Trainee: 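Quick one: the structure is below, questions incoming.
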Amino acid sequence: MDVSHISTIFEDVARILELKGDNPFKVRAYQRAARTIEGLGDELESLIKDDRLTDLDGIGNDLAEKIKEIVLSGRLRYYEELQNTIPAGLLAMMDIPGLGPKTVKLLYDQLGIDSVKKLQLAAKAGRLKALEGIKEKTEKNILKGIAIVRLGQERTPYPFIYPLAEGFLRELKSLKAVEKIELAGSIRRRKDTIKDIDILAVSHDAPAVTDAFTALPGVRQVLARGRTKSSVRAGEFNTQVDLRVVEKDSFGAALMYFTGSKEFNVAMRRLAIKKGYKLNEYGLFDKKGKRLAGSREEEIFSLLGLTFIPPELREDRGEIAAATRGSLPRLIKFSDIAGDLHVHSDYSDGAVSLSGIAEIALARGYRYIGITDHSQSLKVAKGLDQSALLKKRDAIARLNEQHKSLRILFGTEVEIMADGSLDYCDDILKEFDLVVAAVHSSFKQSRTQMTKRVVSACRNKYVNILAHPTAKLWGTRDSVDIDMDELLRVCRDTRVAMEMNCNGQRMDLNDAGAMQAKKMAVKLAINTDSHKPADFDGMAAGVYLARRAWLHPQDVINCLSYDELKKWLKK
DNA sequence: GCCGTTTTCGGCCCGACTGTTTTCAGTCG
């Protein structure tokens with residue numbers, strides 16, 4: 001069962017109920033259930049079998065029945081009945097920033113507007129001003145909002161957004177009025193993709209900071225300018241950047257609040273209430289309104305009986321319960337990484353020579369590096385034929401003699417052909433220290449075909465790592481259609497590691513995928529897929545992503561010592 | 001729709017900003 005099918009239905013139900021002005025808490029119950037289900041993966045089947053759905057937080061008898069109905073029939077009658085009560089276009093209208101259920105309903109009831117297209121025409125014609133509560137400004141904002149949606153409000157991969165955030169941070173830090181400044185929001189949680197950048201500052205002169213912020217180079221549009229909060233759009237992706245200026249005494253509470261996630265905050269506030277406190281962005285308060293903590297996050301966690309929860313984990317995925325028990329995992333750190341197992345040299349489409357790669361690896365403190373050039377059929381990337389392989393193997397042997405503290409692995413990123421065979425025969429494959437297998441063509445195969453194809457490649461006894469398992473390329477190509485559960489079962493049995501490819505365009509597997517792999521006892525490999533020197537820096541984003549997936553160094557093969565890794569690679 | 005060391009009914013996270021009002025509703029995070 002595809003859990004996202006269920007959560008999509010629940011999310012839609014929530015939106016329709018919202019539009020109809022139904023009980024907001026009922027709306028939230030559906031939203032919460034959608035999230036809970038999404039995080040389940042293949043556990044769902046056993047929960048249904050054992051009749052334990054209501055054990056889940058936020059799932060009562062009613063929602064349990066609805067989940068079962070979807071699993072059994074693929075449909076939900078209640079959802080279909082709801083859909084018949086409103087025009088489909090209204091849901092799309094709710095995606096426009098600044099437009100919520102109330103306004104959409106007003107537009108529909110009063111003017112019969114039931115699509116984004118009609119809304120745009122009406123706004124351009126100035127017909128919205130006829131409505132109560134809407135004047136010139138709102139009409140303009142709606143048109144702007146439509147343009148933003150049209151532009152594609154897509155999230156941008158973390159590695160592409162981080163430089164803009166860092167630049168803003170640096171500029172603001174240099175201001176005299178700024179006493180303290182930190183990134184917050186999803187960028188502090190190191191999500192794989194980012195929608196907007198949140199910055200939090202302490203200052204005795206908030207207006208000065210706000211003025212400087214809205215005038216920074218790179219700012220394209222000022223969206224809001226308040227006493228404590230201002231927003232702009234900036235950078236090549238037209239990213240929204242929000243700046244908040246807060247008091248020193250509430251910096252920790254504000255940092256926690258603006259770091260989120262939203263779901264984490266809601267759960268934390270619920271916990272605070274349960275303990276007789278009130279938590280907001282100004283601090284943790286007792287019943288009489290006395291502030292008990294606020295300047296540091298650590299104090300708030302501690303007063304609530306929790307160990308410090310790293311930002312990467314703050315998603316309400318069980319981290320609060322774990323912190324209560326003091327059993328948060330020892331997360332992987334950058335210093336645990338002993339090597340990179342997927343990089344390209346100038347033998348194929350990389351820009352760096354073998355010895356250049358060795359130097360980069362040494363400079364980063366790695367113990368080993370896997371040089372995995374493309375295989376022969378990938379002509380566009382100068383894939384290596386047999387004679388080139390021999391040359392490369394000798395060159396690597398010589399390099400290994402020169403370097404004592406670094407082991408260089410003779411590897412390949414071998415093509416998984418459309419029929420599931422590999423681009424080198426077994427006699428060649430057995431000569432490599434490291435075999436990374438990957439799909440780079442025929443992406444449109446059916447789910448059955450694609451699953452069969454990749455599974456068959458992973459069953460080859462020389463394959464060690466499956467590179468970028470979903471083949472998704474940000475902004476270019478969607479994930480391939482593949483039965484991930486089946487694939488993970490095979491990889492567990494054949495001891496093939498799943499890659500967390502941290503190239504900015506890929507981020508594949510992402511944290512959700514890696515969590516699923518870990519649940520199935522499949523090892524991960526965090527690799528940069530480097531083609532040029534700067535790419536090696538991607539490892540940081542990869543480690544953050546692995547932390548978001550709750551990964552321990554033991555889950556990741558490139559945390560192994562060289563001897564352990566050699567043993568692991570030999571099947 | 002969910003949930004219960006106040007409760008099986010009556011709560012459910014909380015505050016800032018905008019645009020419209022002239023004290024507030026809607027939206028957002």
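Every chain is numbered from 1 and lettered A, B, ... according to where its sequence line falls, protein lines coming before strand lines. This is a predicted model, so every value here is computed, not measured.
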Trainee: Taking atom C1' in both B:dT21 and B:dC17, compute the distance separating them and give it to the nearest angstrom.
Mentor: 15 Å

Trainee: Roughly how many Å is it from CG in A:Leu53 to P in B:dG1, rounded to a whole number?
Mentor: 16 Å

Trainee: What does B:dT8 pair with, Watson-Crick or G-U, if both distances are under 3.5 Å?
Mentor: none

Trainee: Quick one: label A:Arg32 by what it contacts on the DNA or RNA (base, sugar-phosphate, nothing), any heavy atom closer than 4.0 Å.
Mentor: nothing

Trainee: Which of these nucleotides, B:dT20, B:dG29, B:dG1, is closest to any side-chain atom of A:Phe25?
Mentor: B:dG1

Trainee: How many whole angstroms separate atom CD of A:Glu263 from atom P of B:dG29?
Mentor: 12 Å

Trainee: Could you check whether A:Lys262 gets within reach of a base, just the sugar-phosphate, or nothing at all, counting any heavy atom under 4.0 Å?
Mentor: base

Trainee: Judged by each residue's nearest nucleotide on DNA chain B, which is more toward the 5′ side, A:Met94 or A:Glu281?
Mentor: A:Glu281

Trainee: Could you state the CG-P distance from A:Leu99 to B:dT20, rounded to the nearest angstrom?
Mentor: 13 Å

Trainee: State which of B:dT27, B:dC13, B:dA16 makes the closest approach to the side chain of A:Tyr282.
Mentor: B:dA16

Trainee: When syn is taken as a glycosidic angle within 90 degrees of 0, is B:dT6 syn or anti?
Mentor: anti

Trainee: How many whole angstroms separate atom NZ of A:Lys229 from atom P of B:dG29?
Mentor: 7 Å

Trainee: Between B:dA25 and B:dT20, how far apart are the two C1' atoms, rounded to whole Å?
Mentor: 9 Å

Trainee: Between A:Leu223 (CG) and B:dT18 (C1'), how many Å, whole number?
Mentor: 12 Å

Trainee: Parallel, tilted or perpendicular: which one describes the rings of A:Phe308 and A:Phe301, with boundaries at 30° and 60°?
Mentor: perpendicular

Trainee: Can you check the distance between B:dC2 and B:dC13, where both ends of the measurement are the P atom (answer in whole Å)?
Mentor: 15 Å

Trainee: Which one, B:dG15, B:dT18, B:dC2, comes nearest to the side chain of A:Ala224?
Mentor: B:dT18

Trainee: So for atom CD, which belongs to A:Glu69, do other residues, nucleotides or ligands contribute more than 12 heavy atoms lying within a distance under 6.0 Å?
Mentor: yes

Trainee: Using only side-chain N and O atoms of A:Lys26, determine if any of them is under 4.0 Å from OP1 or OP2 of B:dC12.
Mentor: no

Trainee: Between B:dG19 and A:Asn141, is there an OP1 or OP2 to side-chain N/O distance shorter than 4.0 Å?
Mentor: yes

Trainee: Would you indicate whether A:Glu80, at its atom CD, is surrounded by more than 12 heavy atoms from other residues, nucleotides or ligands within a distance under 6.0 Å?
Mentor: yes

Trainee: On the nucleotide B:dT5, are OP1 or OP2 found under 4.0 Å from the side-chain N or O atoms that A:Lys275 carries?
Mentor: no

Trainee: Taking the minimum atom-to-atom distance to the side chain of A:Thr228, which one of B:dT20, B:dA16, B:dG29 wins?
Mentor: B:dA16

Trainee: Which part of the nucleic acid does A:Phe258 contact within heavy-atom distance under 4.0 Å: base, sugar-phosphate only, or nothing?
Mentor: nothing

Trainee: Return the orientation label for the A:Tyr544 and A:Tyr158 ring planes: parallel under 30°, perpendicular over 60°, tilted otherwise.
Mentor: perpendicular

Trainee: Would you indicate, yes or no, if B:dG15 has its OP1 or OP2 atom less than 4.0 angstrom from a side-chain nitrogen or oxygen of A:Asn280?
Mentor: yes

Trainee: Using a 3.5 Å distance criterion without hydrogens, assess whether the side chain of A:Ser302 forms a donor-acceptor pair with backbone atoms of A:Glu298.
Mentor: no

Trainee: When the C1' atoms of B:dC9 and B:dC14 are compared, how many Å lie between them, rounded to an integer?
Mentor: 24 Å

Trainee: Would you indicate, yes or no, if B:dG1 has its OP1 or OP2 atom less than 4.0 angstrom from a side-chain nitrogen or oxygen of A:Lys66?
Mentor: yes

Trainee: Tell me whether the side-chain N/O atoms of A:Thr138 come closer than 4.0 Å to OP1 or OP2 in B:dT18.
Mentor: no

Trainee: Given side chains that start at C-beta, do those of A:Lys66 and A:Phe10 come closer than 4.5 Å, heavy atoms only?
Mentor: yes

Trainee: Could you work out the separation of B:dT6 and B:dC12 based on their P atoms and round it to a whole Å?
Mentor: 15 Å

Trainee: Which one, B:dC12, B:dT27, B:dT20, comes nearest to the side chain of A:Asn23?
Mentor: B:dC12

Trainee: Give the rounded distance in Å between these two atoms: CG of A:Leu255 and P of B:dG29.
Mentor: 19 Å

Trainee: By nearest heavy atom, map A:Tyr78 and A:Val266 onto DNA chain B; which one lands nearer the 5' end?
Mentor: A:Tyr78

Trainee: Return the nearest nucleotide to the side chain of A:Lys102; candidates are B:dT27, B:dC2, B:dG29.
Mentor: B:dT27

Trainee: So, are A:Asp205 and A:Lys176 salt-bridged, with charged N and O less than 4.0 Å apart?
Mentor: no

Trainee: Take atom CG of A:Leu284 and atom P of B:dC14, then tell me their distance rounded to the nearest Å.
Mentor: 12 Å

Trainee: Taking side chain as C-beta onward, heavy atoms only, is A:Ile197 less than 4.5 Å from A:Asp242?
Mentor: no

Trainee: Take atom P in B:dG11 and the same atom in B:dA16, then report the distance between them in whole Å.
Mentor: 24 Å

Trainee: From CE of A:Met256 over to C1' of B:dG29, roughly how many Å is that when rounded to an integer?
Mentor: 16 Å

Trainee: For A:Lys140, answer base if it contacts any base atom (sugar-phosphate contacts may also be present), sugar-phosphate if it contacts only those atoms, and nothing otherwise; contact means non-hydrogen atoms under 4.0 Å.
Mentor: nothing

Trainee: Under 4.0 angstrom, heavy atoms only, what part of the nucleic acid is A:Pro24 near: base, sugar-phosphate, or nothing?
Mentor: nothing

Trainee: Which whole number of Å gives the distance between the C1' atom of B:dG1 and that of B:dT5?
Mentor: 24 Å

Trainee: Among the candidates B:dC13, B:dG19, B:dG1, find the nucleotide nearest to the side-chain atoms of A:Asp62.
Mentor: B:dG1

Trainee: Checking contacts here: which listed nucleotide (B:dC13, B:dT21, B:dG29) is nearest the side-chain heavy atoms of A:Arg269?
Mentor: B:dC13

